[in-house]
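Since the structure is predicted, the reported quantities are computational estimates derived from the model, not experimental observations. Order of appearance sets the numbers: ligands from 1, and atoms from 1 within every ligand.
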Amino acid sequence: MSAIVNMKLQSTQPSASLEAAQLARDMRAKGHKVISLATGEPDFPTPQPIKQALIDALQANHTGYPPVQGIPALRKAICEKFKSDNDLDYDPAQVIVANGVKQIIFNALAVSLEPGEEVIIPTPGWVSYSEMVRLNDGVPVELPTSYEEHFCISPEALEAKITDKTRWLILNNPSNPTGAVMTEKELRAIAEVLERHPHVYVLSDDIYEHIRYSDEDYFTIAQVSDALYARTLTANGVSKSWCMTGWRIGFAAGPKALIDAMRTYQGQSTGGVMHPAQYGAVEALNGPRDFMADNLAQFRRRRDLGAALINDTDGLSCHTPDGAFYLFVSCKDLMGAKTPSGAVIRSDGDLTRYFVEEAEVVCVPGAAFGMSPFFRISFACPIEDLEQAILKLRAAIAKLEISASGEPQ
Ligand code: PLP
């Protein structure tokens, strides 16, 4: 790497899901009929009234620098959202708007971590958490969960990871990549542990809140414990549920001192979020949500078909997720298999590369989320593509030579 790049960046991994999505674009540009199951964004357009609100804001010349913390109308709408969806009381002074939840999390870590402080991340977890912690001189601490226990966080395992240096626990409910949704009971058990450790803060990434398939009520951790409300940053955004990934609007509410510091940091680094987009987000939060039920019905059909096809494929298995739009697929039975060209598949990275070459299907290896051997499929794509892609994976797997004993070779 060039001498201009510092040591910290030299050891930073690019986002595996963004890289996989780029690989699919590059292959398409070369004329391949590649199907991408890598993308973490809904394939539905932003609803028309939200687009119109942005257009109206442009026409009204809301084109100057926006307030760094977010326009007042949006911060008000965010407070109302937290109250009506989550029964959480926040004052607009406790709310900040940023370029996506991604920037919210980065900035929260940037203004709070001292070098060497630890951040506990349930694993598998979103690709960016650990890299963001490292970029801010912190130490990511994995909190392993298991396929067998449906990726539930064990309160005992959590307690065992807490040290004097622990600064944050990151929760992601529903989870990317597993789709697991934490229940009120599970959140209360986690809260009980954290109440014994007042130096630990919680960053709750609730970006998939409205993409859930059961009728159970949704809970976020600040709701279940008054003690934790005071040390939780509740992050959410419009990217996934409102089909607005490209608008770059995320927001968070939490302790005012933290929000003030995040405003200072953002003001000196990027500034406020694109002004007309904030007006669109006001419409998103205040407007009707009927489209979400339609989108969810489509996601549910894809989820059910995708999980059934995967579980009917030799060597693969997955749970049917309760939330988000991903299948996290176990491929342990394919480790050690031989490809037609004689290469041995030793990792989920080897397998997903083989899928690209043999099936022209792009998935994200589990290693990127801290758990192997798995791979992640996004079902935020047309159901025909999903079906065709999994059948292609099946055909590619059928060409693998797996030892007769079923043991890895
Ligand atoms: N958090 C999780 C768990 C995600 O999966 C993603 C996007 O993939 C984000 C945050 C980023 O959200 P935003 O578009 O608001 O930056």
A.B. asks: Counting only heavy atoms not in K51 (residues, nucleotides, ligands), do more than 12 fall under 6.0 Å from its NZ?
C.D. replies: yes
A.B. asks: Does ligand 1 have any N/O atom under 3.5 Å from a protein N/O, and what are those pairs and their distances?
C.D. replies:
residue: ligand 1; atom: 1 (N); partner: D205; partner atom: OD2; Å: 2.6
residue: ligand 1; atom: 5 (O); partner: N176; partner atom: ND2; Å: 2.7
residue: ligand 1; atom: 5 (O); partner: Y208; partner atom: OH; Å: 2.7
residue: ligand 1; atom: 8 (O); partner: K240; partner atom: NZ; Å: 2.7
residue: ligand 1; atom: 14 (O); partner: S239; partner atom: OG; Å: 2.7
residue: ligand 1; atom: 14 (O); partner: R248; partner atom: NH1; Å: 2.8
residue: ligand 1; atom: 15 (O); partner: V101; partner atom: N; Å: 2.7
residue: ligand 1; atom: 15 (O); partner: S239; partner atom: OG; Å: 3.3
residue: ligand 1; atom: 16 (O); partner: V101; partner atom: N; Å: 3.1
residue: ligand 1; atom: 16 (O); partner: K102; partner atom: N; Å: 3.1
residue: ligand 1; atom: 16 (O); partner: R248; partner atom: NH2; Å: 2.7

A.B. asks: In a table with atom names and distances, give each donor-acceptor pair under 3.5 Å that connects a side chain of residues 280-289 to protein atoms at least two apart or in another chain.
C.D. replies:
residue: R289; atom: NH1; partner: D85; partner atom: OD1; Å: 3.2
residue: R289; atom: NH1; partner: D85; partner atom: OD2; Å: 3.2
residue: R289; atom: NH2; partner: D85; partner atom: OD2; Å: 3.2

A.B. asks: What I want to find out is whether R353 reaches E357 closely enough, with some N-O distance under 4.0 Å, to be called a salt bridge.
C.D. replies: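 The answer is no: the pair does not qualify as a salt bridge.
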A.B. asks: Between F328 and Y147, does the ring centre distance come in under 6.0 Å?
C.D. replies: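 No, they do not, as the ring centres are separated by 6.0 Å or more.
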A.B. asks: Mind jotting down which residue pairs meet the ring pair (Phe, Tyr, Trp, His ring centres under 6.0 Å) criterion with at least one end in residues 114-140? Sequence neighbours excluded, please.
C.D. replies: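 Ring pair (Phe, Tyr, Trp, His ring centres under 6.0 Å) check on residues 114-140 returns W126-Y129.
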A.B. asks: Please collect all side chain to side chain donor-acceptor pair (under 3.5 Å) contacts where either partner lies in residues 92-106, sequence neighbours excluded, each pair once.
C.D. replies: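 Side chain to side chain donor-acceptor pair (under 3.5 Å) check on residues 92-106 returns Q103-T270.
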